[in-house]
Number of protein chains: 2
Amino acid sequence: MAHDHGMPADLTRNQELVLGALNHAPAPLSAYDILDKLRSEGLRAPLQIYRALDKLVERGLAHRLESLNAFVACADAHCHRKGLIAFAICEACGKVDEFADEVIEERLGAWAKDTGFKTERTTMEIRGKCAACLKAAA
Amino acid sequence: MAHDHGMPADLTRNQELVLGALNHAPAPLSAYDILDKLRSEGLRAPLQIYRALDKLVERGLAHRLESLNAFVACADAHCHRKGLIAFAICEACGKVDEFADEVIEERLGAWAKDTGFKTERTTMEIRGKCAACLKAAA
DNA sequence: GCGGCGACGTTATGCTATAACGTATTCAAG
DNA sequence: CTTGAATACGTTATAGCATAACGTCGCCGC
Ligand SMILES: [Zn+2]
Ligand SMILES: [Zn+2]
Ligand SMILES: [Zn+2]
Ligand SMILES: [Zn+2]
């Protein structure tokens, strides 16, 4: 079971190809990166990638990283439905660590309640250096 | 003192023009939006805007909103914050509310310490509807 | 004066994302 | 079976965001 990333069975061919590309990448990919990886499979146009990405993101199988204009496969394909997600992105190796924090989520909820703001979506992205890269540089 | 936004005196002409444009805008502006507003002042090329924006953002006089690819003037021109800044962006009217939360900041700091991640920059952007727009829609 | 530095202006280019069109497939209602 | 809605698809063209690479200018310390 070398590459079981828990890919759902009801994806279209394009969606499956795009998610596969993200799953095998060690770092986030831009839509055009993905396109380049999939030309050999017959994909030719950016829109084919963007349309697949839209569906994958909608379903929570992939995430868009706003500060990179790039995408990653969800790190937790089984239970990531609920709540705020934060991403820690290493500037050195590109690796992304996806995590959730209930305290932060609750705190944002309280702020929204106080100000009467209705939250629809939150993006939280931390840029820096991961432990491995820091260690390697030392 | 109609438009005293606390603009520093040591800005270059281009930086002053760009910051002025941001200060007078009711909502975030893209670099190209800014360029269009400043053609009458003689600015012609995107790079003139981006260079000014780089400096302004570096000094904390303006902020980049990653999820919009746009920029806003700092809402707190007198004491540019040192810590984490969060932005709540209304999808209806475009208004941006800038705030800080020490609890969240501390929580992220704790996460970073636990995982050995060295944070360099954090972006936090909430999309939704502001209280005024919700009220107007009701 | 000279050399380093930082801002500037211009042209060209590259990367990211969507508009607009038509076609193919599926599926359920009539 | 036919029809029509819904959805995915493919293609071309275009829009929107950002930087590379070059040379110039003015300032300031030496
Ligand atoms: Zn996820
Ligand atoms: Zn790393
Ligand atoms: Zn600010
Ligand atoms: Zn609003």
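Values below: all heavy atoms of this structure, side chains included; hydrogens, waters and symmetry mates excluded.
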query = Can you tell me if the side-chain N/O atoms of N69(B) get under 4.0 Å from OP1 or OP2 in dA17(C)?
reply = no
request  = For side chain to side chain contact (heavy atoms under 4.5 Å, CB included), just list the numbers for V96(B) and H63(B), CA-CA rounded to whole Å, side-chain angles, deciding distance to a tenth of an Å, and then say yes or no.
outcome  = CA-CA 11 Å; V96(B) 174; H63(B) 302 292; over 6 Å; no
query = Which heavy atom of L61(A) sits nearest a heavy atom of L19(A), and at what distance?
reply = O-CD1, 3.8 Å
ask   = When the distance from CD1 of I49(A) to C1' of dC15(C) is rounded to whole Å, what number comes out?
value = 15 Å
inquiry  = Expressed as a whole number of angstroms, how long is the span from I34(B):CD1 to dC17(D):P?
reply    = 11 Å
query = How long is the line joining CD of Q15(B) and P of dA7(C), in whole Å?
reply = 7 Å
task = Would you sort out whether R127(B) and E120(A) count as a salt bridge (charged side-chain N to carboxylate O under 4.0 Å, His left out), showing the intermediate values?
result = CA-CA 6 Å; R127(B) 310 286 296 266; E120(A) 279 158 12; over 6 Å; no
task = Specify the separation, in whole Å, of atom CG of L11(B) and atom P of dG6(C).
result = 17 Å
Nucleotide dC8(C), atom P - distance to CZ of R44(B) in whole Å = 16 Å
task = Provide, to the nearest angstrom, the distance between the CG atom belonging to L68(B) and the P atom belonging to dG16(D).
result = 15 Å
Candidate pair S67(A) and E125(A), rule side chain to side chain donor-acceptor pair (under 3.5 Å), full reasoning = CA-CA 7 Å; S67(A) 67; E125(A) 301 176 15; 2.5 Å; yes
query = Which residue, A31(B) or L47(A), contacts DNA chain D at a nucleotide closer to its 5' end, judged by nearest heavy atom?
reply = L47(A)
Heavy-atom donor-acceptor pair, Q48(B) side chain to A45(B) backbone, under 3.5 Å = yes
request  = Report the end-to-end axis angle of the helix from dG1(C)-dC30(D) to dG30(C)-dC1(D); each axis comes from five terminal pairs, and the value is rounded to 10°.
outcome  = 20°
request  = Spell out yes or no: do the side chain of R51(B) and the base of dG6(C) have one donor N/O and one acceptor N/O closer than 3.5 Å?
outcome  = no
task = Would you confirm whether D54(A), through its side chain, and R51(A), through its main-chain N or O, come within 3.5 Å as a donor-acceptor pair?
result = no
request  = In whole angstrom, give the distance that lies between atom OH of Y50(A) and atom C1' of dA20(C).
outcome  = 18 Å
inquiry  = Heavy-atom nearest nucleotide on DNA chain C for G42(B) versus Y32(A): which residue maps closer to 5'?
reply    = G42(B)
key: Side-chain N,O (T12(B)) to OP1/OP2 (dG6(C)) below 4.0 Å   = no
ask   = For dT16(C), does either OP1 or OP2 sit under 4.0 Å from a side-chain N or O belonging to S30(A)?
value = yes
Touch class at under 4.0 angstrom, heavy-atom based, for A45(B) against every strand present = base
query = What's the CG-C1' distance between L35(A) and dC15(C), to the nearest Å?
reply = 12 Å
R64(B) vs dA18(D): side-chain N/O to OP1/OP2 distance below 4.0 Å = yes
ask   = Quick one: which of N23(B), L65(B), L29(B) gives a side-chain contact (heavy atoms from CB on, under 4.5 Å) with V72(B)?
value = L65(B)
